[in-house]
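Here is the structure we will look at.
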Amino acid sequence: MIIATWNINSIKARLETALAWVREAKPDVLCLQELKCESEAFPSAAFEELGYTCTIHGQKTYNGVALLSKAAPEDVRRGLPGDEADTQSRYIEALFPFGKRMVRVASIYLPNGNPLGTEKFTYKLGWMDRLHAHAKKLLRLEEPLVLAGDYNVIPKPIDAKHPEAWVNDALFQPESRARFRELQILGFTEAVRALAGDQPGLYTFWDYQAGAWQKNNGIRIDHLLLSPQAADHLKAVRIDKHVRGWEKPSDHVPVVITLA
DNA sequence: ATGACATATGAGATATGA
């Protein structure tokens with residue numbers, strides 16, 4: 001079973017790019033982030049032609065997450081629990097068939113948090129605390145679970161070409177990184193580092209500006225966290241870096257795992 | 001270097017991103 005995550009940076013502006021990659025990679029479940037469109041405006045028909053069901057938690061202009069799947073979803077949850085006043089569409093989860101059992105998959109668009117010293121950073125940390133609480137509850141189900149998405153966290157210096165350039169950025173703050181570690185300490189396995197070890201130069205985002213892609217000036221901020229019951233089945237992981245070189249690319253590329 | 005790029009909104013300039 002192939003599960004992927006991809007911050008698409010506007011599904012409407014990137015529809016042909018998204019379709020091309022889905023045709024190429026044929027994921028069973030694709031977690032999308034930054035749709036930048038309302039649920040009703042999501043171009044579902046184009047994906048349905050490829051055999052996918054689109055389960056969407058959209059929002060006008062900003063945010064928006066989706067689960068595209070070959071199988072029908074069950075037990076769909078839209079929105080991260082813990083703050084009824086939070087109107088930002090950054091979380092969707094559902095259950096999908098995985099052999100004779102099921103796997104729960106979440107598509108996560110964690111807040112950026114910049115600039116520091118503002119409510120945006122406070123919101124990021126609060127959102128991470130809510131994610132921690134929800135993840136802890138989900139773990140108690142003792143089922144295969146994959147929390148996939150744009151975490152907007154650079155876990156370690158090895159995850160940036162120029163880590164010193166990020167020391168004043170919300171993505172690389174000790175508070176952000178500690179919360180990402182605390183998630184894993186709950187019992188999650190981070191797919192890329194689990195299989196690639198300390199291999200340097202693994203990035204999932206390259207800024208549009210200043211020739212970042214051409215200089216391979218990237219960061220690794222898109223992650224898949226696996227419950228023990230999912231990690232037991234983790235066979236492969238890859239970062240589809242070549243997609244960043246396509247026409248009209250997102251600034252993020254897909255990260256893909258195989259469970260078997 | 002509050003800039004470069006890119007997108008959405010809406011029709012010019014601003015907000016957001018990372």
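Predicted model only: the values in this text are computed from it and were never measured. Below, read A as the first sequence line, B as the second, and so on, with proteins coming before strands; counting in each chain starts at 1.
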Using distance only, find each side-chain donor-acceptor pair of residues 64-78 of chain A under 3.5 Å and give its atom names and separation, not counting sequence neighbours.
{"unit_1": "A:S69", "atom_1": "OG", "unit_2": "A:A71", "atom_2": "O", "d": "2.7"}
{"unit_1": "A:K70", "atom_1": "NZ", "unit_2": "A:K26", "atom_2": "O", "d": "3.3"}
{"unit_1": "A:D75", "atom_1": "OD2", "unit_2": "A:R104", "atom_2": "NH1", "d": "3.0"}
{"unit_1": "A:D75", "atom_1": "OD2", "unit_2": "A:R104", "atom_2": "NH2", "d": "3.4"}
{"unit_1": "A:R78", "atom_1": "NE", "unit_2": "A:I56", "atom_2": "O", "d": "2.7"}
{"unit_1": "A:R78", "atom_1": "NH2", "unit_2": "A:I56", "atom_2": "O", "d": "3.4"}

If we take the [atom1] atom in both [N] and [M], what is their distance in whole Å?
N	M	atom1	result
B:dT2	B:dT7	P	24 Å
B:dA4	B:dG10	C1'	24 Å
B:dA15	B:dA1	P	23 Å

Test of understanding: with side-chain hydrogen bond (donor to acceptor under 3.5 Å, both in side chains), list the residues that count as partners of [X], not counting sequence neighbours.
X	value
A:D129	A:R179
A:D232	none
A:W21	A:D240

What contact category does [X] fall into here, base, sugar-phosphate, or nothing, at under 4.0 angstrom with non-hydrogen atoms?
X	value
A:N112	base
A:Y109	sugar-phosphate
A:N7	sugar-phosphate
A:R220	nothing

Ring pair (Phe, Tyr, Trp, His ring centres under 6.0 Å) contacts touching [range] (sequence neighbours left out):
range	result
residues 46-80 of chain A	A:F42-A:F47
residues 236-260 of chain A	A:F205-A:H252, A:H242-A:W246
residues 94-116 of chain A	A:F98-A:H233

Item to complete: Scan for salt bridge (Lys or Arg N to Asp or Glu O under 4.0 Å) pairs involving residues 190-216 of chain A, sequence neighbours excluded, and state none if there are none.
Response: A:D159-A:R193, A:E190-A:R220
Fill in: Residue met sooner reading DNA chain B from 5', once A:L171 and A:S10 are mapped to nucleotides
A:S10
Response to the item:
The residue, A:T61 or A:D150, whose nearest nucleotide of DNA chain B is more 5′ is A:T61
Item to complete: Please check if the side chain of A:T17 supplies one atom and the backbone of A:K248 the other of a donor-acceptor pair under 3.5 Å.
Response: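 At least one qualifying donor-acceptor pair exists.
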Item to complete: Give a yes or no answer on whether the side chain of A:Q59 reaches the backbone of A:S89 with a donor-acceptor pair at less than 3.5 Å.
Response: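 Checking the backbone N and O of A:S89 against the side chain of A:Q59, a donor-acceptor pair under 3.5 Å is found.
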Worksheet item: Near DNA chain B, which residues from residues 244-257 of chain A have a heavy atom under 4.0 Å away?
Response: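 Here the set is A:K248, A:H252.
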Worksheet item: Which residues, if any, of residues 208-217 of chain A bring a heavy atom under 4.0 Å of DNA chain B?
Response: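 Output list: A:Y208, A:Q209.
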Counting only pairs under 3.5 Å, give me each side-chain donor-acceptor contact of residues 164-172 of chain A, with atom names and distances, residues two or more places apart or in other chains.
{"unit_1": "A:D169", "atom_1": "OD1", "unit_2": "A:N114", "atom_2": "ND2", "d": "2.9"}
{"unit_1": "A:D169", "atom_1": "OD1", "unit_2": "A:L171", "atom_2": "N", "d": "2.9"}
{"unit_1": "A:D169", "atom_1": "OD2", "unit_2": "A:N114", "atom_2": "ND2", "d": "3.2"}

Worksheet entry | For chain A, the stretch of DNA chain B it reaches, first to last nucleotide, under 4.0 Å of its heavy atoms | B:dA4 to B:dA18
